[in-house]
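Keep in mind that what you see is a predicted model, and the values were worked out from it rather than measured.
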Amino acid sequence: MDQVAFRSDTVLSDVHLLLPNARHLMARLNSVGQPVFVSKFRILREEEQLEVQDSVKSDLGVLLDEDGDLVVTRKPNRMVCDREKIHPVILSQAGEAVSDEEDDEAEDKECAKDIIRIEHTMATPLEDVGKQIWRGAFLLSDFILSHPAVFQEATVLELGAGTGLASIIMARVAKKVYCTDVGEDLLSMCQRNVALNSHYTEPAAERGVKVRQLDWTADDFLTDADAEFGWSEEEVADLHDNTTFVIAADVCYDDDLTDALFQTLYRITSNLRSPSTAYFSIEKRLNFTLRHMDVSCEAYNHFRLCLKQLADMKDGKMKFTVEPVPCSFPQSFQYERVDQLELWKVSASAV
């Protein structure tokens with residue numbers, strides 16, 4: 001197999017960089033030739049959640065070196081369970097590897113209810129970051145798992161779902177989840193992830209997760225009957241009649257897309273029959289920019305500006321209330337919950 005070429009704008013999620021999985025093997029090549037990996041993530045038990053919290057508390061002290069400079073911890077000092085550092089293994093497609101079906105069958109026999117399996121890519125160009133797993137998706141999933149009664153029997157729309165992790169977690173308690181993004185390859189991956197985790201969403205299988213295309217830059221839903229991930233008229237009506245929650249995990253990294261996100265949020269919530277609540281997770285990423293000649297958080301700052309504009313909006317039709325959500329809820333997945341991770345709540349209602 002040819003070596004993967006890294007472009008100048010190639011990015012790699014900290015989830016894949018800091019927490020290698022015991023099972024982290026290349027499963028296939030997607031339609032655009034990118035290696036696709038399968039990773040397993042276990043939902044932590046209550047005693048393990050407490051151990052994570054204790055570990056975080058022990059790491060809160062600021063460490064300085066002999067010159068007084070801050071010592072930055074690059075990865076968690078303690079792990080919930082001991083793991084070998086196993087790096088991704090690329091399998092030759094020409095080799096005699098176990099078939100997907102055989103591998104899945106063997107995995108299903110030992111797969112417990114608390115194991116989530118996700119197909120994803122590793123390093124991607126910026127426009128394909130939705131094919132990776134990001135800490136914001138874990139933060140939002142933690143919140144859902146910590147507040148199941150809030151979402152019980154709800155109809156939920158996820159914007160920019162990426163690999164579909166948050167939608168899969170939501171499907172355990174919600175009545176129906178519309179898991180949306182753009183790009184046939186990404187949506188196909190998302191659909192595969194929903195199927196991979198049918199053991200987890202089984203109680204809601206008859207209602208389940210609907211993977212659909214939703215382009216923030218388009219004015220309407222894709223209702224082409226020939227489109228694989230198009231909407232039926234019944235689904236559009238169901239979305240407008242029954243949706244009470246909108247979620248999005250770490251989707252604000254480009255100002256134009258963030259503007260389109262908030263325009264989509266307004267367009268959809270203003271057409272819902274009932275008041276709705278949106279939850280946005282975001283990671284405040286620090287970058288050095290030549291324009292400022294300093295460290296800045298441009299994407300995050302634009303996200304906050306859009307939140308303020310939404311809260312200040314007075315169009316006589318909709319009222320939006322914006323508030324931060326304290327991230328003090330239990331951590332149900334093994335990842336580094338850094339201080340830069342935030343969760344925001346937006347309540348929408350007609351005037």
Side-chain angles (χ1 to χ4, degrees), residues 31 127-131 140 154-164 166-167 170-171 174-191 193-194 207-280 302-303 305-307 309-311 313-320 322 344 346-351:
S31 61
E127 62 266 23
D128 283 337
V129 293
K131 296 177 182 178
L140 184 56
T155 297
V156 182
L157 168 67
E158 181 173 12
L159 300 173
T163 60
S167 284
M170 180 67 79
K175 179 180 180 180
K176 185 176 293 183
V177 182
Y178 289 102
C179 175
T180 69
D181 215 311
V182 292
E184 186 172 331
D185 188 66
L186 176 58
L187 291 170
S188 297
M189 177 188 290
C190 193
Q191 185 70 69
N193 284 333
V194 171
R207 302 164 296 179
V209 181
K210 302 285 187 180
V211 178
R212 295 292 180 263
Q213 177 172 314
L214 183 55
D215 187 348
W216 303 344
T217 63
D219 295 329
D220 211 342
F221 296 90
L222 174 66
T223 55
D224 184 353
D226 296 328
E228 182 179 359
F229 298 103
W231 297 72
S232 67
E233 293 183 3
E234 292 77 12
E235 289 170 342
V236 174
D238 175 62
L239 177 78
H240 288 148
D241 290 343
N242 299 308
T243 297
T244 51
F245 289 100
V246 179
I247 60 174
D250 211 354
V251 296
C252 297
Y253 53 89
D254 176 88
D255 290 355
D256 291 336
L257 285 178
T258 301
D259 289 338
L261 167 68
F262 278 88
Q263 291 166 5
T264 300
L265 178 69
Y266 179 87
R267 175 171 57 86
I268 290 178
T269 54
S270 62
N271 283 290
L272 298 181
R273 174 174 294 183
S274 304
S276 59
T277 303
Y279 289 99
F280 294 94
H302 191 72
F303 167 76
L305 174 62
C306 290
L307 284 179
Q309 291 173 341
L310 198 64
M313 180 183 295
K314 292 180 175 60
D315 64 350
K317 298 179 181 179
M318 295 293 295
K319 177 183 178 182
F320 294 90
V322 177
W344 289 84
V346 178
S347 302
S349 60
V351 174

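With values rounded to the nearest 0.5 angstrom, Thr163 atom OG1 is found 12.0 Å from Lys131 atom NZ. Taking CH2 of Trp231 as the reference point, atom CG of Leu222 lies at 10.0 Å (rounded to 0.5 Å). Here CZ of Phe280 is found 7.0 Å from CG of Leu307. Values are rounded to the nearest 0.5 Å. Between atom OG1 of residue Thr155 and atom NZ of residue Lys176 there is a gap of 6.5 Å, rounded to the nearest 0.5 Å. Between atom CG of residue Asp181 and atom CE of residue Met189 there is a gap of 11.0 Å, rounded to the nearest 0.5 Å. Here the CE-CE distance, from Met313 to Met318, works out to 9.0 Å after rounding to the nearest 0.5 Å.
Between the side chain of Arg212 and the backbone N or O of Gly230 there is at least one donor-acceptor pair closer than 3.5 Å. Of the possible donor and acceptor atoms, none in the side chain of Trp344 sits under 3.5 Å from a partner among the backbone N and O of Ala278. Not one N or O on the side chain of Thr244 forms a donor-acceptor pair closer than 3.5 Å with the backbone of Ser276.
Residues His302 and Asp254 have side chains that never bring a donor and an acceptor to within less than 3.5 angstrom of each other. A donor and an acceptor atom, one from each side chain of Ser31 and Asp185, are located under 3.5 Å apart.
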| request: Give the intermediate values and the outcome of side-chain contact (heavy atoms from CB on, under 4.5 Å) for residues Leu257 and Val251. | output: CA-CA 8 Å; Leu257 285 178; Val251 296; over 6 Å; no
| said: Could you walk me through whether Glu158 and Met170 satisfy the side-chain contact (heavy atoms from CB on, under 4.5 Å) test, starting with their C-alpha distance in whole Å, then the side-chain angles of each, then the deciding distance to 0.1 Å, before giving a yes or no? | reply: CA-CA 10 Å; Glu158 181 173 12; Met170 180 67 79; over 6 Å; no
| request: Tell me, with the steps shown, if Gln309 and Leu305 meet side-chain contact (heavy atoms from CB on, under 4.5 Å). | output: CA-CA 6 Å; Gln309 291 173 341; Leu305 174 62; 3.8 Å; yes
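Under the side-chain hydrogen bond (donor to acceptor under 3.5 Å, both in side chains) criterion, Asp250 pairs with Arg285, sequence neighbours left out. Applying the side-chain hydrogen bond (donor to acceptor under 3.5 Å, both in side chains) test to Asp224 and every residue at least two apart in sequence or in another chain returns nothing.
Here the closest non-hydrogen pair linking Ser167 and Val177 is OG-CG1, 3.5 Å. What you find for Ala166 and Leu140 is that their closest heavy atoms are CB-CD2, 4.1 Å.
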Hey, can you pull the donor-acceptor pairs under 3.5 Å for the side chains in residues 261-272, sequence neighbours left out?
from: Thr264; atom 1: OG1; to: Trp216; atom 2: O; distance (Å): 3.3
from: Thr264; atom 1: OG1; to: Ala260; atom 2: O; distance (Å): 2.8
from: Tyr266; atom 1: OH; to: Asp315; atom 2: OD2; distance (Å): 2.2
from: Thr269; atom 1: OG1; to: Leu265; atom 2: O; distance (Å): 2.6
from: Thr269; atom 1: OG1; to: Tyr266; atom 2: O; distance (Å): 3.3
from: Ser270; atom 1: OG; to: Tyr266; atom 2: O; distance (Å): 2.8
from: Ser270; atom 1: OG; to: Arg267; atom 2: O; distance (Å): 3.0
from: Asn271; atom 1: ND2; to: Arg267; atom 2: O; distance (Å): 2.6

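With Val182 as the partner, the side-chain contact (heavy atoms from CB on, under 4.5 Å) test is satisfied by one option alone out of Leu214, Asp215, Leu187: Asp215.
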